[in-house]
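Encoded as structure tokens, the structure appears first; notes follow it.
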Amino acid sequence: MGRMKLGLFLAGYGHHLASWRHPKSVEQGPVDIDHIVNISKIAERGKFDLVFLSDALYIDETAHPDLMSRLDPFTLMTIIARETSDIGLAATVSTTYSQPFHLARAFSSLDHVSGGRAAWNIVTSAVNSTAQNFNGTVNVEHGLRYEQAGEFVDVANKLWHSWEQDAFVKDKERGVFVDQSKLQPINHEGKYYKVKGPLNLERSPQGSPLLIQAGSSSAGTDLASRVADVVFTAQTSADEAKHFNDGLRDKIEQRGRKQTDVSIMPGLFPVIGDTEEEAQANYEELQDLILPEEGLKLLSPYVGDVDLSKYDLKIPFEQVESSDGNGIKSRYELIKKEAMEQNLTLEDVMKKIAGARGHFMVVGTPEQIADTMQYWYEQGAADGFNIMPPLLPTQLELFVDKVVPILQQRGLAQTEYAAGTLKEKFGLEND
């Protein structure tokens with residue numbers, strides 16, 4: 001049997017909407033650099049494959065408290081790089097509101113600084129509030145965002161490979177610093193970008209960073225099947241996750257790629273206690289801190305920015321209207337399907353989303369968490385998990401100290417890091 005991959009979805013307070021209100025939360029949360037570094041070190045102690053930081057380029061009333069005040073991903077990952085030795089460093093950058101040259105240079109820099117541990121979480125930015133910070137009023141249409149993203153990644157890859165491995169001769173005797181014949185302007189001219197190149201930075205240890213994609217829509221999985229090394233996804237059951245995986249792996253194979261070259265890692269929101277009763281109490285303690293108006297604001301983007309405050313919290317969720325705008329389509333369909341199957345009210349859905357934000361949640365003992373992860377892994381529903389502790393650092397410490405050893409004893413999780421770059425640790429080749 002192989003081993004499951006583990007990622008830590010970094011947050012300042014925790015992934016639960018109300019984690020910042022908990023007495024054990026860290027006051028400065030996401031802007032407390034010592035706290036974030038400590039969380040990353042705990043994950044490295046647990047032999048996690050990578051830490052991952054999501055990002056947003058807007059602030060409005062629907063934003064999670066962790067996104068209200070957040071350090072720039074590259075600044076943060078560069079600091080974490082100097083404080084850790086093996087764990088991968090995944091930063092989120094939008095293709096819709098960036099330029100390929102800037103991005104390629106930044107990730108190549110992070111790869112150099114970290115000794116080959118950089119990863120890029122590719123997003124296209126689904127929220128209209130982002131457009132309003134970048135000379136727009138409405139976001140780019142869903143399909144076009146992904147078409148643009150595809151070209152963006154192609155340009156970045158050309159830039160990362162615009163210097164051959166041995167181009168920098170640095171021969172002091174002959175006075176030759178660089179072999180000009182190995183400098184390759186990319187001269188890219190496409191529908192969205194015109195970039196001459198080359199990159200003003202020699203090739204990094206990985207060549208290009210590990211590429212992560214998180215869109216579960218048809219356009220998102222098309223892009224993932226072509227470029228991704230890792231896919232993050234939100235799935236609420238093992239059956240749904242297996243169905244998603246099978247569909248994506250078919251697309252990967254159709255691209256002429258090996259299915260095993262891509263690791264699919266659903267989000268997992270574990271609420272841990274030494275007993276079932278303690279785990280449930282830990283969960284309820286957080287749920288009781290949710291203010292309904294805040295929960296509804298967080299849910300709103302998933303239904304196309306509909307004003308949910310006009311509804312009675314007790315109505316069946318299926319009676320809530322949704323917009324056909326540029327909302328988070330794949331996530332909304334999952335939420336609606338689960339709500340209909342379980343006869344959930346708007347309040348039920350609101351609390352569930354506010355808690356686990358649409359990801360799979362397990363409330364239980366360390367053994368129960370490990371059992372669930374093993375079941376998903378052995379059923380082909382996951383190659384690993386993106387762990388989303390509800391409260392930091394306490395719930396991460398419980399996971400590392402109590403769940404990880406069980407997974408290691410079962411031969412499911414690594415006990416030591418393999419040598420090499422992040423790609424090599426994932427069984428991939430540097431390029």
Side-chain angles (χ1 to χ4, degrees), residues 6 8-30 32 35 38-39 42-43 45-46 48 64-66 234-238 266-299 313-314 317 335 338-339 342-376 385-407 409:
L6 291 177
L8 171 64
F9 193 153
L10 276 173
Y13 302 109
H15 284 277
H16 193 281
L17 174 66
S19 57
W20 70 275
R21 298 185 67 200
H22 195 281
K24 290 185 178 177
S25 69
V26 174
E27 186 174 349
Q28 292 300 311
D32 185 333
H35 168 55
N38 178 51
I39 291 168
I42 294 169
R45 175 161 61 80
F48 276 56
H64 189 286
D66 244 280
Q235 303 293 336
T236 54
S237 73
L268 176 65
F269 185 95
V271 187
I272 307 166
D274 285 333
T275 63
E276 287 185 48
E277 292 75 21
E278 184 180 304
Q280 193 63 40
N282 288 341
Y283 177 60
E284 293 301 334
E285 184 179 21
L286 283 164
Q287 290 294 83
D288 288 345
L289 295 173
I290 298 172
L291 298 174
E293 59 268 29
E294 296 302 318
L296 292 176
K297 285 177 186 175
L298 192 72
L299 178 59
L313 287 171
K314 301 301 181 184
F317 181 74
I335 294 166
E338 185 180 19
Q342 299 178 21
N343 297 315
L344 302 181
T345 65
L346 173 58
E347 183 176 33
D348 294 334
V349 173
M350 177 272 290
K351 281 200 163 186
K352 194 157 190 168
I353 294 300
R357 310 225 306 277
H359 290 271
F360 182 62
M361 178 173 65
V362 186
V363 181
T365 64
E367 289 79 9
Q368 288 171 327
I369 305 290
D371 288 347
T372 301
M373 294 173 71
Q374 180 171 356
Y375 177 76
W376 277 52
F385 297 90
N386 203 19
I387 304 300
M388 304 170 65
L391 180 66
L392 289 162
T394 54
Q395 283 283 323
L396 174 62
E397 288 172 325
L398 284 172
F399 187 90
V400 166
D401 293 338
K402 300 195 173 186
V403 179
V404 168
I406 297 171
L407 296 172
Q409 288 162 12

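The shown structure was predicted, so the numbers you read here are calculated from the model rather than taken from an experiment. Because only heavy atoms are used, hydrogens play no part in the values below, and waters and symmetry mates are left out as well, while side chains stay in.
Listed by first then second residue, pairs satisfying side-chain hydrogen bond (donor to acceptor under 3.5 Å, both in side chains) with a partner in residues 386-396 number zero, not counting sequence neighbours.
Closest approach of Pro393 to Val26, counting heavy atoms only: CD-CG2, 4.1 Å. Pairing each heavy atom of Val349 with each of Ile335, the nearest pair is CG1-CG2, 3.6 Å. The minimum heavy-atom distance linking Pro390 with Leu286 is given by the pair CB-CD1, 3.8 Å. The two residues Ala43 and Leu8 make their nearest non-hydrogen contact at CB-CD2, 3.8 Å. Taking each heavy atom of Ser19 and Ser25 in turn, the nearest pair found is O-CB, 3.2 Å. Looking at every heavy atom in both residues, Asn282 comes nearest to Gly273 through ND2-CA, 4.1 Å.
Looking only at distances, a side-chain donor or acceptor of Tyr13 sits under 3.5 Å from a matching main-chain atom of Glu27. Looking at Thr345, its side chain never comes within 3.5 Å of a backbone N or O of Lys314 through a donor-acceptor pair. Using a distance-only test at 3.5 Å, with no hydrogens or angles considered, no donor-acceptor pair links the side chain of His359 to the main chain of Pro266. A side-chain donor-acceptor contact under 3.5 Å links His15 to the backbone of Phe9. Proximity of a side-chain donor or acceptor of Thr372 to a complementary backbone N or O of Gln368 within less than 3.5 Å is detected.
Using a 30° and 60° split on the angle between ring planes, Phe385 and Trp376 fall in the tilted class, from 30° to 60°. Ring geometry for Phe399 against Phe48 counts as perpendicular: the plane angle is over 60°, on a 0 to 90° scale with 30° as the lower cut.
At least one side-chain heavy atom of Leu6 sits under 4.5 Å from a side-chain heavy atom of Met373. Looking only at side-chain heavy atoms (C-beta outward), Arg21 and Glu294 stay at 4.5 Å or farther from each other. Residues Ile272 and Lys402 form no side-chain contact, since every pair of their non-hydrogen atoms from C-beta on lies 4.5 Å or further apart. Within the 4.5 Å cutoff, the side chain of Ile42 has heavy atoms near those of the Arg45 side chain. A heavy-atom distance below 4.5 Å is not found between the side chains of Pro270 and Val403.
For the atom pair His22 NE2 and Asp288 CG, the distance stands at 10.5 Å (nearest 0.5 Å). Rounded to the nearest 0.5 angstrom, Leu391 CG and Glu285 CD are separated by 8.5 Å. Atom NZ of Lys297 and atom CG of Leu291 lie 9.5 Å apart (nearest 0.5 Å). Atoms CD and CG, on Glu347 and Leu296 in that order, are 9.0 Å from each other to the nearest 0.5 Å. Taken to the nearest 0.5 Å, the CD1 atom of Ile406 stands 7.0 Å off from the OG1 atom of Thr365. For the atom pair Ile387 CD1 and Leu396 CG, the distance stands at 9.5 Å (nearest 0.5 Å).
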* Should Asn38 and Asp32 be marked as a side chain to side chain contact (heavy atoms under 4.5 Å, CB included) after you check the CA-CA gap, both sets of side-chain angles, and the distance that decides it? -> CA-CA 10 Å; Asn38 178 51; Asp32 185 333; over 6 Å; no
* Stepwise side chain to side chain contact (heavy atoms under 4.5 Å, CB included) check, His16 with Gln287 -> CA-CA 8 Å; His16 193 281; Gln287 290 294 83; 2.6 Å; yes
